[in-house]
Amino acid sequence: MYPGTVALQDVSLDVRRGETHGIIGKNGAGKTTLVGIVAGLVQPTAGTIIINGTEYTDLSRIVAKKERVAIVPQEPQMVQDCSVAENLFMPDFPTRGGGLFMDRARLHTLAEQIVAKGRLSIDVRAKAGDLGIGMQQILLMLKASYVERAEIIILDEAFSSLSKNEETLFFEIMRDKKAEGCTILHISHRIDELLEVCDRMTVLRDGRAVATVRRDEVDKEKLSALIVGPLGLAGAAQAAPAPAAAAAPEQSPAANTPVLSVRGLSAAESYIDISFDVHHNEILGIAGLMGSGRTEILKSIYGMLPFDSGQIQLHGKPVRFSGPADALRHKVAYLPEDRDGEGLIASLSVKNNLVLSALRRICSGPFVSSQPETQLAHELAAGLELKFASLEQEVRELSGGNRQKVVAAKVMSTRPDVYLLDEPTKGIDIAAKAVLLRIIKQELAPGAAVVLTSPGLEELMQICDRILILHNGRLLGSIPRAEFREDLLYAAIQGQEVPLS
């Protein structure tokens, strides 16, 4: 249980030895909390965990590791400046000299043996940071399998960053471990993936386990219906009415000209042939599973990632931004998914971060004017109901929701014509999420064009005018607000055939 929220309620689950057991549900269903409890990362407020006949009411990570429970998280946790071999064995390196020195020769030999078991051809002396995210994820699976010798391996959205070839390798490692009697708990949003590799699947909905089914009992449609539940079948987005919008400004003669147009945008291994328009006063959602290309599309528009072909138009004129500074000069702003890594400078104050993107508004010549800086920071903080002890405190000291609001305020301060918002509600509490959605609808959209992605369909249904469906890097079509249905949207992002505009 978290403050004000019951993440799981009376969930019972049995997983058999040598089984690959899928855990699936919408965002917020309780998947990560459930496996976090099994891995000893989250403490339950009630209930028991039984592993190999031993019962626990308070399972710590240390005890879970002794019970041979390993977890491969969604984001690879490797020390980027250390070698592949060092990461595989960290912190229990082979030693010599009575344990006083690391035995590097043996470390490299053992690492090469493990890499060979994973069918990889990589130099174990190479830095982990020189490898892609997908390869790092495979190495963590190998570490869990052959270094930690886990009997229960938890995969928490571990496939989201894998290429097709890496995915095939990962499947092969899973099959090897299953043949050895290893149990795998596999969390995923992708129905195809679970139907391919799992023996049974448990569906979570609103913190409860609603069904456990065998792979041969369901298909994509039946599993989708279990995941979405009766609410999704009820039709339009009646459970999440859009917040009242501020009065739209008077339309100019050029109102029908899109603010932003994208035509045939393609980038190898990320997305292909992406085309859409977005107008003033419009919120355009992009719905897709993790790894579908949502973030890459927004970063390419903003000049952060290159694209191979296609065209971007702003107010009907072709543009290709050389980088974020160029995009900002053209009044295009981007709110990144990784707020801490890309949106904030953790060592600077709340005030410094708030005004960082609007220095032209508060500078007198080459110098920042103190009074306008403070005034702008207060205005931005008040507008987003930001909670802080002092404008001078370091931004890293704020809660996750308040750090996200600081990033949103930075974007607002530039007064752009186009907002590119990549998962603005990711990882924040319900109250902060409601504030941000209201601000997007009432403060950002009037007079501007908004492109929005979200980890959950509910947020998109609540405030978007249209939703584009993205699957495996391709746009399948769009759905206007009048036709929003959660079951239809969920099926569409899984690649199922549904009526689309």
* **Full working for side-chain contact (heavy atoms from CB on, under 4.5 Å) between Leu328 and Asp326** => CA-CA 5 Å; Leu328 281 173; Asp326 190 21; over 6 Å; no

* Atom CD1 of Ile187 and atom CG of Asp156: how far apart are they, to the nearest 0.5 Å? -> 4.0 Å

* Can you tell me if Asp465 uses its side chain to pair, donor with acceptor, with the backbone of Ile283 under 3.5 Å? -> yes

* For the pair Lys143 (side chain) and Asn87 (backbone), establish whether a donor and an acceptor sit closer than 3.5 Å, ignoring hydrogens and angles. => yes

* Over-ring placement of Arg320 relative to Phe307, 6.0 Å and 45° cut-offs -> yes

* Could you give the distance from CD (Glu148) to CG (Leu140), rounded to the nearest 0.5 Å? -> 9.0 Å

* Asked: What do the steps show when you test Asp277 against Arg263 for salt bridge (Lys or Arg N to Asp or Glu O under 4.0 Å), and what is the final call?
  -> CA-CA 9 Å; Asp277 295 329; Arg263 291 289 178 268; 2.9 Å; yes

* To do: Mind running side-chain contact (heavy atoms from CB on, under 4.5 Å) on Phe321 and Leu314 for me, showing each step along the way?
  => CA-CA 11 Å; Phe321 304 128; Leu314 193 62; 4.2 Å; yes

* Distance-only, no hydrogens or angles: does the Gln313 side chain make a donor-acceptor pair with backbone N or O of Gln311 under 3.5 Å? -> no

* Any idea which heavy atoms bring Thr453 and Leu460 closest together, and the distance? -> C-CD2, 4.3 Å

* Asked: About how many Å separate CG of Leu185 and CD1 of Ile23, when rounded to the nearest 0.5 Å?
  -> 5.5 Å

* Of all the heavy-atom pairs spanning Arg61 and Ile71, show the shortest one and how long it is. => NH2-N, 4.1 Å

* Donor-acceptor contact below 3.5 Å, side chain Glu86 vs main chain Ser83 -> yes

* To do: Could you check Ile114, Leu131, Leu169 and say which one makes a side chain to side chain contact (heavy atoms under 4.5 Å, CB included) with Leu120?
  => Leu169

* Backbone N/O of Gly264 and side chain of Ser275: donor-acceptor pair under 3.5 Å -> yes

* Asked: Quick one: do Lys31 and Glu157 make a salt bridge, cutoff under 4.0 Å?
  -> no

* To do: Any chance you could measure Glu443, atom CD, to Tyr419, atom OH, to the nearest 0.5 Å?
  => 9.0 Å

* To do: Look only at the side chain of Arg481 and the backbone of Cys464, and say whether a donor-acceptor pair between them is shorter than 3.5 Å.
  => yes

* Taking all non-hydrogen atoms of both residues, which atom of Ser188 and which atom of Glu193 are closest, and how far apart? -> OG-OE2, 3.1 Å

* **Any donor-acceptor N/O pair, Arg466 side chain to Ile479 backbone, under 3.5 Å** => no

* Would you mind checking if Arg190 and Glu196 are paired as a salt bridge, meaning a charged N to carboxylate O distance below 4.0 Å? => no

* Asked: Closest approach of Lys26 and His189, non-hydrogen atoms and distance?
  -> C-NE2, 4.5 Å

* Please test Leu421 against Ile440 for side-chain contact (heavy atoms from CB on, under 4.5 Å), starting from the C-alpha separation and ending with a verdict. => CA-CA 9 Å; Leu421 308 180; Ile440 292 167; 3.8 Å; yes

* Would you check if the side chain of Asn281 reaches a backbone N or O of Gly447 as a donor-acceptor pair within less than 3.5 Å? => yes

* Answer with yes or no whether the side chains of Ser292 and Tyr271 bring together a donor and an acceptor at under 3.5 Å. => no

* Would you say Asp130's side chain and Ala126's backbone share a donor-acceptor pair under 3.5 angstrom? -> no

* Asked: Side chains of Glu166 and Gln137: do they bring a donor and an acceptor to under 3.5 Å?
  -> no

* Could you tell me which non-hydrogen atom of Ile493 sits nearest to which non-hydrogen atom of His471, and how far apart they are? => O-ND1, 3.2 Å

* Structure fact -> Taken to the nearest 0.5 Å, the spacing of Thr425 OG1 from Glu423 CD works out to 7.5 Å

* **Sidechain-backbone polar pair: Lys220 side chain, Ile191 backbone, donor-acceptor under 3.5 Å** => no

* Asked: Nearest 0.5 Å, what's the CG-CZ distance between Asp422 and Arg294?
  -> 7.0 Å

* **Nearest non-hydrogen partners of Leu88 and Ala111, listed with the distance** => CD1-CB, 4.0 Å

